[in-house]
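Here is the structure we will look at, set down as structure tokens.
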Amino acid sequence: MGLLNIISSIKDRAEKFLNEKNVVTDILGKMEEKTGIKKKVIALGAVSLTGLYLVYGYGASLLCNLIGFVYPAYYSVKAIESPCKEDDTKWLTYWVVYGVFSLGEFFSDIFLYWFPFYYAFKCLFLLWCMAPMSWNGSQIIYNKVVRPVFLRHEATVDNMVSDLGGKAMSAAENLTREVLTTLVKNKAVIIPSPPVAQSEAKSLPSTSGETSTAKVGPSEMNEERRDELSVD
């Protein structure tokens, strides 16, 4: 009975999505007009081909990451723009679980890469985490794993973050002080030279004195000639 409820819930959600106005439904509508095949059948075929490609196709990692990112990102933007806050909490929970999963996958990918049908199971896991149900994967993993660990170590992490912030600030201040001290020692700071106008002004009187001396010389020679003529 529970499995039937899950299937019906997924079916209702898929039909609601296909009846909405968005980019995917616009593309499916154009394909329906050209081919005459219903949107539901086209969507089902696309999902089946995607599953087969995840199992046998090249670049399954990229396709799986797009599935786990594009749809949640689209509905996260819609949740931000909506006045309701419940959908914000829902998608924030998904992104927290997605980040924890990606971190664990980064360290274990070298082993999981050789696991048969790994990307198909990963895609199913991400679909379970974003499923429109109250017991979807992100809610269960957050409440059972992430939240207890976070509450247990919250104070320690806060102290560690504050200590790292203080050490980073002090290191930046010390580095700035050392750089300024080095610049001063190497005389990298350019000091402007004094103006040269005063030395030029001092040299002007000497030239005027020479010209006055040159002007007085001929008059004195005329007076000496007059004295010699009067004596004769």
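All residue numbers in this chain count up from 1 along the given sequence. Keep in mind that the numbers below use all heavy atoms, side chains included, and drop hydrogens, waters and symmetry copies.
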Exercise. Please walk me through it: do Ile67 and Leu126 pass side-chain contact (heavy atoms from CB on, under 4.5 Å)?
Worked result: CA-CA 8 Å; Ile67 292 172; Leu126 294 176; 5.8 Å; no
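- Residues that satisfy the side-chain hydrogen bond (donor to acceptor under 3.5 Å, both in side chains) test with Lys90, not counting sequence neighbours, are absent from this structure.
- In this structure, the separation between CH2 on Trp95 and CZ on Phe69 is 5.0 Å, given to the nearest 0.5 Å.
- Open room surrounds CZ on Phe121; 12 or fewer heavy atoms of other groups in view lie less than 6.0 Å from it.
- For Tyr142, the ring pair (Phe, Tyr, Trp, His ring centres under 6.0 Å) criterion is met by no residue, not counting sequence neighbours.
- Among residues two or more places apart in sequence or in another chain, the ring pair (Phe, Tyr, Trp, His ring centres under 6.0 Å) test is passed with Tyr71 by Tyr75.
- Using a 4.5 Å heavy-atom threshold, the side chains of Leu183 and Val179 count as touching.
- The other members of the hydrophobic cluster of Phe107, by chain and number, are Leu103, Phe106 (side-chain heavy atoms under 4.5 Å, ILVMFWY only).
- Hydrophobic clustering keeps Val77 apart from Leu66 (ILVMFWY residues linked when any side-chain heavy atoms are closer than 4.5 Å, directly or through intermediates).
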For this session: Report the C-alpha distance between Ile42 and Thr35 in whole Å, list the side-chain angles of each, state the deciding distance to 0.1 Å, and finish with yes or no for side-chain contact (heavy atoms from CB on, under 4.5 Å).
Result: CA-CA 10 Å; Ile42 297 174; Thr35 59; 4.2 Å; yes
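- One distance of note links CZ of Phe101 with OG of Ser138; it measures 13.5 Å at 0.5 Å rounding.
- There is no path of hydrophobic side-chain contacts, each under 4.5 Å, that joins Leu92 to Val100.
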Problem set entry | Pair Leu62-Tyr119, side-chain contact (heavy atoms from CB on, under 4.5 Å): steps then yes or no | CA-CA 10 Å; Leu62 177 61; Tyr119 291 111; over 6 Å; no
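- Distance check: Glu81 CD to Ser76 OG gives 12.0 Å after rounding to the nearest 0.5 Å.
- Among residues two or more places apart in sequence or in another chain, the salt bridge (charged side-chain N to carboxylate O under 4.0 Å, His left out) test is passed with Asp87 by none.
- Inter-residue side-chain proximity for Ile141 and Lys144 is flagged as unmet; no heavy-atom pair is nearer than 4.5 Å.
- How far CE of Met130 is from OG1 of Thr93: 14.0 Å, rounded to the nearest 0.5 Å.
- For the atom pair NZ (Lys38) and CG (Leu44), the distance works out to 13.0 Å, reported to the nearest 0.5 Å.
- Cluster membership for Leu49 and Leu63, using ILVMFWY side-chain heavy atoms within less than 4.5 angstrom, is not shared.
- Taking CZ from Arg147 and CG from Leu151, the interatomic distance works out to 5.0 Å, rounded to the nearest 0.5 Å.
- Val161 pairs with exactly one of Val157, Leu164, Asp158, Asp163 by the side-chain contact (heavy atoms from CB on, under 4.5 Å) rule, that one being Val157.
- The nearest pair of heavy atoms linking Asn136 to Cys129 is ND2-O, 3.4 Å.
- Phe150 is not connected to Val97 by any chain of hydrophobic side-chain contacts under 4.5 Å among Ile, Leu, Val, Met, Phe, Trp and Tyr, and they are in different clusters.
- The minimum heavy-atom distance linking Pro148 with Asn143 is given by the pair CD-O, 3.4 Å.
- Applying the salt bridge (charged side-chain N to carboxylate O under 4.0 Å, His left out) test to every pair with at least one member in residues 116-126, sequence neighbours left out, gives these pairs: Glu105-Lys122.
- Closest of all the heavy-atom pairs between Gly68 and Tyr98 is O-CE1, 3.9 Å.
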